[in-house]
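Below: the structure, in structure tokens.
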Amino acid sequence: MALIKTVLKLDISCQKCKTKVLKAVTSLEDVDKVETDEAKGTIGVIGKADPYKIVKITRKAVSSAGKVVEVVSIGPPPKPDEKKPEEKKPDGKKPDPVPCICAYPPYPPYGSSYIVVPHETQPSCSIL
């Protein structure tokens, strides 16, 4: 079987989701290389792994966060001797990280306890 490049589009702006996806994809057999592009929101997987399995495991990894995975392309990877068009280098500024909605629950966890200190145990204040 020849090498196949599978390109998927998904939101990998949050580090937690990106880690989940990378961990899931690299756990598959016959994956040689994984490339991510946060600016475009794509992930490219090169190897002999079945593209169906790659899509399935990626969707499973981000399904709990309610994110959607779209297939951009499936085909042979570019040959190493082909030169890529030169990309513009970033100006050194990093974009602000986007907060992940899956990392912060909208409510406090159940079983939270609060400590109430009665007034008698607090020292009284006196100004002399």
Look up atom [atom1] in [X] and atom [atom2] in [Y], then write down how far apart they are to the nearest 0.5 Å.
X: E70; Y: T42; atom1: CD; atom2: OG1; result: 12.0 Å
X: I4; Y: D30; atom1: CD1; atom2: CG; result: 10.0 Å
X: S63; Y: K20; atom1: OG; atom2: NZ; result: 8.0 Å

With heavy-atom distances below 4.5 Å as the criterion, would you say the side chains of [X] and [Y] are in contact?
X: K5; Y: I74; result: no
X: E38; Y: S13; result: no
X: I57; Y: S27; result: yes

With [X], which residues qualify under side-chain contact (heavy atoms from CB on, under 4.5 Å), at least two apart?
X: V69; answer: L8, L10, T58, R59, V62
X: T36; answer: I12, K18, L22, I43
X: K33; answer: E35, I46

Seminar exercise, completed: Between A49 and V31, the two heavy atoms sitting closest are CB-CG2, 3.9 Å
For this session: May I ask whether V71 and V45 are part of the same hydrophobic cluster, defined by side-chain heavy atoms of I, L, V, M, F, W, Y residues being less than 4.5 angstrom apart, directly or through others?
Result: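 Yes; V45 is reachable from V71 via cluster members.
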